[in-house]
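This report concerns only the one structure given below.
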Amino acid sequence: QVQLVESGGGLVQPGRSLRLSCAASGSIFSITAMGWYRQAPGKQRELVAAITSGGSTNYAESVKGRFTISRDNAKNTVYLQMNSLKPEDTAVYYCNAEIQRRWGYPPVNYWGQGTQVTVSS
């Protein structure tokens, strides 16, 4: 069994910062990539940021320069530092991980339960 648990969401005023964390646990051989997605009301889920096991990163254009994704491989944890938050960042944020459960097995995507981020004055 694999579990992803997010933390750090909440209500914050525009211009403030917030840091999300996501820890993966369970039967894990390797994690090839981890990332953050978000879904706002009436919109499709979109990729916010992703990071590979080698440290390569990818960001949505709307968050470049404001958000930073990082990971601690030893702890199977990924972080999302969100600075200069805007009302349009309001969404449910989901952690995603591409995980090989055993050597030789194909990787499979796993999702966290989601955490609400609300940016409002």
Side-chain angles (χ1 to χ4, degrees):
Q1 185 180 18
V2 173
Q3 291 182 322
L4 301 179
V5 180
E6 301 110 326
S7 63
L11 174 64
V12 67
Q13 293 184 325
R16 299 290 187 176
S17 298
L18 208 59
R19 190 171 88 143
L20 305 182
S21 299
C22 173
S25 63
S27 180
I28 299 171
F29 173 74
S30 69
I31 301 177
T32 56
M34 300 186 79
W36 290 94
Y37 291 72
R38 67 185 181 188
Q39 187 167 25
K43 295 185 177 181
Q44 293 186 332
R45 188 174 299 186
E46 65 173 352
L47 174 68
V48 178
I51 186 167
T52 68
S53 59
S56 297
T57 59
N58 186 40
Y59 296 92
E61 288 295 324
S62 61
V63 307
K64 284 184 177 180
R66 299 189 298 121
F67 291 10
T68 302
I69 189 170
S70 62
R71 65 185 294 175
D72 185 335
N73 291 333
K75 297 181 179 180
N76 289 331
T77 299
V78 63
Y79 307 93
L80 185 66
Q81 178 66 44
M82 304 184 293
N83 298 327
S84 301
L85 283 163
K86 304 175 180 179
E88 49 263 47
D89 294 318
T90 296
V92 177
Y93 284 70
Y94 296 90
C95 178
N96 173 267
E98 189 176 76
I99 296 173
Q100 291 179 288
R101 296 191 65 187
R102 289 187 177 276
W103 179 86
Y105 280 36
V108 175
N109 274 344
Y110 293 87
W111 294 90
Q113 79 286 351
T115 184
Q116 178 70 47
V117 172
T118 302
V119 185
S120 176
S121 60

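- Note on Ile69 and Val48: same hydrophobic cluster, where clusters join Ile, Leu, Val, Met, Phe, Trp and Tyr whose side-chain heavy atoms are under 4.5 Å apart, directly or indirectly.
- Between the side chain of Gln100 and the backbone N or O of Gly104 there is no donor-acceptor pair closer than 3.5 Å.
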key: Test side chain to side chain contact (heavy atoms under 4.5 Å, CB included) applied to Phe67 and Leu80, step by step   = CA-CA 7 Å; Phe67 291 10; Leu80 185 66; 4.2 Å; yes
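- Atom-to-atom distance recorded for Leu85:CG and Ser17:OG is 6.5 Å, nearest 0.5 angstrom.
- Between the Thr77 side chain and the Lys75 main chain, a donor and an acceptor come within less than 3.5 Å of each other.
- Checked by atom type and distance alone, the side chain of Thr90 pairs as donor or acceptor with a backbone atom of Val119 at under 3.5 Å.
- Pairing each heavy atom of Ser70 with each of Val78, the nearest pair is O-CG2, 3.2 Å.
- Here the closest heavy-atom approach between residue Ser53 and residue Ile31 is recorded as CB-O, 3.6 Å.
- Note: the hydrophobic cluster containing Trp36 also contains Val12 (ILVMFWY, side chain heavy atoms under 4.5 Å, direct or indirect links).
- Nearest heavy-atom pair across Val2 and Ser27 is CG2-O, 3.4 Å.
- Taking all atoms of both residues into account, the shortest heavy-atom contact from Tyr79 to Ser21 is CD2-OG, 3.3 Å.
- Side-chain atoms of Met82 and Val63, non-hydrogen and from C-beta on, never get closer than 4.5 Å to each other.
- Residues Tyr93 and Tyr59 share a single hydrophobic cluster, defined by chaining ILVMFWY side chains whose heavy atoms lie under 4.5 Å apart.
- Note: Gln1 CD to Ile28 CD1 = 11.0 Å, rounded to the nearest 0.5 Å.
- Note on Tyr94: it does not cluster hydrophobically with Leu20, by side-chain heavy-atom contacts below 4.5 Å among ILVMFWY residues.
- At least one donor-acceptor pair under 3.5 Å links the side chain of Arg71 to the backbone N or O of Thr52.
- Nearest approach of Gln116 to Ala91, heavy atoms of both residues: NE2-O, 3.4 Å.
- In this structure, Ile99 is a member of the same hydrophobic cluster as Val108, with clusters built from ILVMFWY side-chain heavy atoms closer than 4.5 Å.
- Atom CD of Glu88 has more than 12 neighbouring heavy atoms from other residues, nucleotides or ligands inside a 6.0 Å radius.
- Residues Arg38 and Asp89 are in side-chain contact: their nearest non-hydrogen atoms beyond the backbone lie under 4.5 Å apart.
- Contact of the Phe29 side chain with the Arg101 side chain is not registered, since no non-hydrogen atoms from C-beta on lie closer than 4.5 Å.
- Across every non-hydrogen atom of Cys22 and Leu4, the tightest pair is SG-CB, 4.0 Å.
- Side chain of Gln13 to backbone of Ser120: no donor-acceptor contact under 3.5 angstrom is found.
- Side chains of Glu98 and Asn96: a donor-acceptor N/O pair is absent below 3.5 angstrom, by distance only.
- Two residues are said to be in side-chain contact when any heavy atoms from C-beta on lie closer than 4.5 Å; Gln39 and Glu46 fail this criterion.
- In this structure, the side chain of Arg66 engages the main chain of Ser84 through a donor-acceptor pair within 3.5 Å.
- Applying the ring pair (Phe, Tyr, Trp, His ring centres under 6.0 Å) criterion to Tyr37, with sequence neighbours excluded, gives Trp111.
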